[in-house]
Each structure stands twice: as C-alpha cells, then as structure tokens.
Amino acid sequence: MSRTASFLGVVALILSSTLAYLALGSEAEFIGHWEGTMVREGVPLEVSFDFKGSGPHPNGTFTSLTQKAMDYPLEVLAVNGYAVHFALGDSMVFDGKLRANQIVGAFTDDSAKGDFSLRRTVAKPLPYDAVDVSFRNGPVTLSGTVCIPRASGRHPAVVLLQGSGGETRWGTNRFIADRFARAGIAALIYDKRGSGASTGDWKMSSYDDLANDAIAGIDLLASRPDIDAKRIGLHGHSEGGIIAPIASVRAPSKVSFIVAEDIVAGFVRDQDVYRVSHQIRQAGFTDAQVERALNLYKLMIEVLRGAKPYRELDSASETVRNEDWYQWLAIPPEHSFLWTWYPKVGNLDTLIFWKQVRAPVLLIYGERDHLEPVDESLAKIEASLDCVKTPYTAVIVPNAQHNLTVQPEPGAPFFWWKAAPGLVDLVVAWVQQRRAESH
C-alpha cells in the first residue's frame with residue numbers, strides 16, 4: 001500500500017560501509033548546490049544535489065522535481081580527493097570526478113548504465129519558511145517540518161500522511177508541501193513513528209495509533225497564530241488514505257477536508273490478496289502454479305489476521321518449500337513482526353469510516369493501479385459517501401500507477417518515469433477551492 005516507486009524507483013539511500021571517508025582538504029570543493037542531468041539511453045533527467053556538513057560525516061540531499069522528489073537525504077556521502085562516490089537506493093550507484101565547478105561521471109542502475117553531469121550554482125531561495133517542529137502523541141514524539149507562507153494572516157493548512165512501511169518527511173511529501181506553501185497553504189510533513197527522527201515503532205502500532213499521530217499534527221498546527229484552525233485538512237496516499245478517514249471520524253471538528261489517493265475500499269486483507277493475485281500472474285508462473293500459490297497465500301493471510309493457527313500454514317508449506325512460487329511468495333518466518341502487527345491492520349474495514357466522514361473529500365486513483373481494483377474501490381467509497389451525503393470529487397489519473405507515476409510499459413522505448421502531469425496542481429487547486437468556500 002506504499003508508493004511502490006518513490007523517485008528513481010527507490011525508497012532509501014544505501015551505501016557500502018566500506019566507502020572512504022571525506023578526505024581532509026577536499027570537502028570545501030564539494031559542499032554546495034549542484035544542478036545538472038542524468039542521461040540514460042540518450043534521455044536526460046534534470047536533477048540536483050546539495051552537499052553540506054563537514055568532517056568525516058558530511059551529508060547531502062537529492063531532488064528531482066520531475067519525479068516529485070525534494071530534499072531527500074543521502075545517508076552517506078564519500079569523497080576521496082577529487083572523486084565522489086554515492087548511491088541512490090539499493091541499485092543506483094554514482095562515481096564522478098570534480099573538474100573546476102563541475103562533477104562529471106557515470107552511474108549504474110542494476111544492469112543499466114548512464115552518465116551524469118552536475119554544475120555548481122546558487123540555489124533559488126524558497127518563497128516560504130520551512131520550520132522544524134516536534135509534537136507528541138502520548139509517549140511518541142513526532143519530528144517534522146512546517147512549510148509556512150510568508151504572507152500575513154492566518155493560513156489554511158494540510159497535514160501530509162505517510163504510506164506503508166517506514167517513511168520520512170522527505171521526498172514526495174516534501175515536494176507536495178512545497179507546492180502547497182507556494183500556493184498560500186501551510187503544510188506539515190513529519191517522519192512516521194519509528195522512522196527518521198520520530199520515536200515509537202509503526203511495526204507495533206495500529207491504524208488508530210497512526211490516526212492519533214495525525215490528529216496530534218493537526219493540534220500542533222491549530223496552536224500556531226499563523227494557522228486558521230478551522231481550515232486544516234489531511235492528505236494521504238495509500239496507507240495515508242486509510243489513516244485520513246479514521247482521523248476525521250475520531251476528530252470530526254478538526255478535519256475540514258480530505259485528499260485520499262489510491263486507497264483500500266473494504267478490508268485491508270482483501271487488498272493484499274488482490275495485489276498478490278495480480279503480481280504473481282505477471283511473474284510468469286503457470287496457471288496451476290498460480291492457483292497453488294494463491295491458495296497458500298490466502299491461508300497465510302488467514303493465519304496472519306488470527307483466524308487460523310500457524311500450524312496449518314506450517315503443515316501446508318512442508319512439501320512445497322522448494323518450489324519457485326513458494327520462494328516468490330516469501331512467507332514470513334515465525335519470528336517476524338508481521339504475525340503480531342497484521343491483526344491490527346488486516347482486519348480493518350475502511351468503509352466503516354468512509355460512511356461516517358462529513359468533511360469534503362477528493363478521491364484520486366491511478367488508472368493503472370494494480371494494487372487496487374480501481375473501478376470497484378472507487379464505486380464502494382462513492383457509495384459510502386453518498387449514503388451520508390458527503391460532498392466529494394473523484395478523479396482517475398490516465399496511465400498512472402499506484403504511486404501516481406507514469407512509467408514505460410515493458411518492451412517500450414525507455415523514458416524516465418515521471419509524476420503524473422498536473423496532478424499535484426489539481427490537488428492544490430481543489431484545496432484552494434475549499435478555502436474559498438469556507439469564507
């Protein structure tokens with residue numbers, strides 16, 4: 001239920017622990033703002049990097065506006081003399097050399113190869129303030145950033161929620177917050193509990209816990225003199241779109257609108273089965289193998305959600321552990337956190353909450369979302385909102401996948417995947433319209 005292809009198809013930046021430390025005397029040569037292009041198969045992509053810090057542990061960030069990625073932190077940056085080596089995720093590796101005010105080099109992305117060229121320049125100043133904040137939900141401290149327009153007065157605001165797994169405030173949410181702030185709407189982005197600088201552990205938490213984190217974020221914004229407490233809404237993609245209606249039902253007077261993208265309609269466990277049903281058919285197994293695999297996967301879901309004992313899954317797995325399709329399923333080991341976490345989320349029926357939402361809603365699905373049955377899901381949520389006469393707008397984004405990106409089809413000519421054109425602008429405009437209607 002997460003963004004399956006955060007910028008450049010990755011969700012974290014990983015470097016080998018054997019990388020050399022920053023060589024003394026060369027760090028000043030690399031520190032600064034760099035803009036340029038990555039070129040693969042003759043196709044360019046505009047990117048930028050910011051290198052900063054000093055001593056043996058400098059740091060940096062990556063930005064690609066085409067891919068809705070902004071200020072994503074590099075976990076490790078290594079320089080040896082005038083050579084720089086860094087990696088983007090677990091597949092893309094860069095090696096370059098400093099030449100005057102340029103860094104020129106090559107990158108690999110699994111088996112693909114390309115070149116990159118960066119030039120030192122001055123970053124354009126932001127037209128808004130970005131202020132680091134922290135707030136609490138019980139024993140958990142959430143760390144985040146508020147992007148605040150500089151215009152006087154009390155601003156409408158939005159809290160941006162995270163997808164599944166461990167997610168920080170950086171990357172896609174940072175990009176969306178930037179667009180909101182430029183349009184006069186304050187935006188709070190924060191590290192999900194157990195991620196980044198936030199405490200707690202999402203692996204031990206329920207959707208109620210995450211919804212209460214979101215409500216605590218609303219309370220933080222409402223306490224600020226530059227925020228209009230009556231015009232604060234929620235924006236959530238995938239799992240964030242599950243959290244948003246729960247928070248709205250828990251605190252109806254605090255949520256003035258909801259933007260929900262690519263969301264589960266019904267039981268979360270049913271979405272898991274749908275997702276795997278599609279993915280395994282794309283993996284090239286025979287019909288008989290697919291049938292056996294899905295039967296075992298459905299049994300695993302029943303065990304995960306607490307409806308059947310683990311011994312049934314263990315017994316059913318005994319004779320098929322060496323099958324390729326079994327290896328593909330990646331059944332979690334008995335000590336995995338999934339066995340204690342999944343009952344808290346897999347048994348949730350999201351429609352229970354959509355039938356209680358009263359705030360205006362913007363529903364967005366990618367046309368090629370293979371993690372959700374798009375038409376069916378949209379119809380179920382629309383029916384839930386209709387039964388309580390909640391106003392909503394529904395959009396299906398052409399050619400977009402679950403993470404609302406447009407990517408080349410298998411066998412088609414290469415192009416850099418990109419954020420669905422115009423979508424963020426549409427979301428911002430819809431929120432601005434809610435602002436106008438509240439006056």
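Every heavy atom of this structure was used, including side-chain atoms; hydrogens, water molecules and symmetry mates were not. Each residue takes its place number in the sequence, starting with 1. None of the values given here were measured: they were computed from a predicted structure.
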Subject >> Chi angles and distances behind the side chain to side chain contact (heavy atoms under 4.5 Å, CB included) call for E291, D287 >> reply: CA-CA 6 Å; E291 182 179 3; D287 290 344; over 6 Å; no
Original post:
Under the 6.0 Å and 45° cation-pi test, does K203 pair with W341?
Top reply: no
**OP:** For this output row, return yes or no: ring centroids of F107 and F116 closer than 6.0 angstrom.
**Re:** no
Subject >> Ring centers of F86, F94 separated by less than 6.0 Å >> reply: yes
Side chain [X], main chain [Y], donor-acceptor under 3.5 Å:
| X | Y | value |
| --- | --- | --- |
| S377 | V374 | no |
| S195 | E167 | yes |
| D262 | G366 | yes |
| E367 | N399 | yes |
| R154 | I227 | yes |
| E312 | P309 | no |
| S198 | G194 | no |
| S336 | P332 | no |
| N347 | R305 | yes |
| R292 | A288 | no |

Subject >> For R368, the option from Q407, E409, Q401 that meets side-chain hydrogen bond (donor to acceptor under 3.5 Å, both in side chains) >> reply: E409
Original post:
Could you walk me through whether E239 and K192 pass the salt bridge (Lys or Arg N to Asp or Glu O under 4.0 Å) check?
Top reply: CA-CA 12 Å; E239 184 179 86; K192 189 175 183 177; 2.6 Å; yes
Between [X] and [Y], what is the shortest heavy-atom contact and its length?
| X | Y | answer |
| --- | --- | --- |
| L299 | K308 | CD1-CD, 3.8 Å |
| V320 | A316 | CG2-O, 3.8 Å |
| F180 | V427 | CZ-CG1, 3.9 Å |
| V406 | P398 | CG2-O, 4.4 Å |
| D209 | M204 | OD2-O, 4.4 Å |
| V255 | S248 | CG2-CA, 3.8 Å |

Subject >> Worked verdict on Y190 versus D213 for side chain to side chain donor-acceptor pair (under 3.5 Å) >> reply: CA-CA 10 Å; Y190 63 96; D213 289 348; 5.6 Å; no
Salt-bridge present ([X], [Y]; N to O < 4.0 Å):
| X | Y | answer |
| --- | --- | --- |
| E334 | R311 | no |
| R321 | D314 | yes |
| R179 | D425 | no |
| E376 | K380 | yes |
| D219 | K254 | yes |
| R169 | D132 | yes |
| D228 | K230 | no |

Subject >> From CA spacing to verdict: side chain to side chain contact (heavy atoms under 4.5 Å, CB included), K298, V273 >> reply: CA-CA 7 Å; K298 291 174 182 178; V273 173; 3.9 Å; yes
Subject >> Residues forming a ring-ring contact (aromatic ring centres under 6.0 Å, His included) with Y310, sequence neighbours excluded >> reply: W339
Are [X] and [Y] close enough that some pair of their side-chain heavy atoms sits under 4.5 Å apart?
| X | Y | value |
| --- | --- | --- |
| Q356 | V388 | no |
| R250 | I215 | yes |
| V395 | V397 | yes |
| V47 | T37 | no |

Classify the ring geometry of [X] against [Y]: parallel below 30°, tilted from 30° to 60°, perpendicular beyond 60°.
| X | Y | value |
| --- | --- | --- |
| W416 | F414 | perpendicular |
| F51 | W34 | tilted |
| W328 | F285 | perpendicular |

Spacing of [atom1] belonging to [X] relative to [atom2] belonging to [Y], to within rounding of 0.5 Å:
| X | Y | atom1 | atom2 | result |
| --- | --- | --- | --- | --- |
| S64 | M70 | OG | CE | 12.0 Å |
| D386 | I381 | CG | CD1 | 12.0 Å |
| R174 | T172 | CZ | OG1 | 12.5 Å |
| L362 | T393 | CG | OG1 | 6.0 Å |
| I242 | H237 | CD1 | NE2 | 11.0 Å |
| I301 | Y342 | CD1 | OH | 3.5 Å |

Subject >> Residues T141 and R136: side-chain donor-acceptor under 3.5 angstrom >> reply: yes
Subject >> Distance-only side-chain donor-acceptor flag, E261 / H235, under 3.5 Å >> reply: yes
**OP:** Take L378 and L363 through the test side chain to side chain contact (heavy atoms under 4.5 Å, CB included) and record every step on the way to the result.
**Re:** CA-CA 8 Å; L378 190 53; L363 298 169; 3.9 Å; yes
**OP:** I would like to know whether S256 and R434 meet side chain to side chain donor-acceptor pair (under 3.5 Å); could you show each step before the answer?
**Re:** CA-CA 9 Å; S256 64; R434 305 289 76 68; over 6 Å; no
Under 6.0 Å from the [atom1] atom of [X], do we count more than 12 heavy atoms belonging to anything else shown?
| X | atom1 | result |
| --- | --- | --- |
| E46 | CD | no |
| D324 | CG | no |
| K418 | NZ | no |

**OP:** Start with the C-alpha distance between Y72 and F62, add both sets of side-chain angles, then the distance that settles ring pair (Phe, Tyr, Trp, His ring centres under 6.0 Å), and finish with yes or no.
**Re:** CA-CA 5 Å; Y72 197 93; F62 165 83; 8.1 Å; no
**OP:** Please step through ring pair (Phe, Tyr, Trp, His ring centres under 6.0 Å) for the pair W354 and Y392, ending with a clear verdict.
**Re:** CA-CA 11 Å; W354 284 116; Y392 65 87; 9.7 Å; no
Subject >> Stepwise side chain to side chain donor-acceptor pair (under 3.5 Å) check, T405 with N403 >> reply: CA-CA 6 Å; T405 65; N403 61 350; 2.7 Å; yes
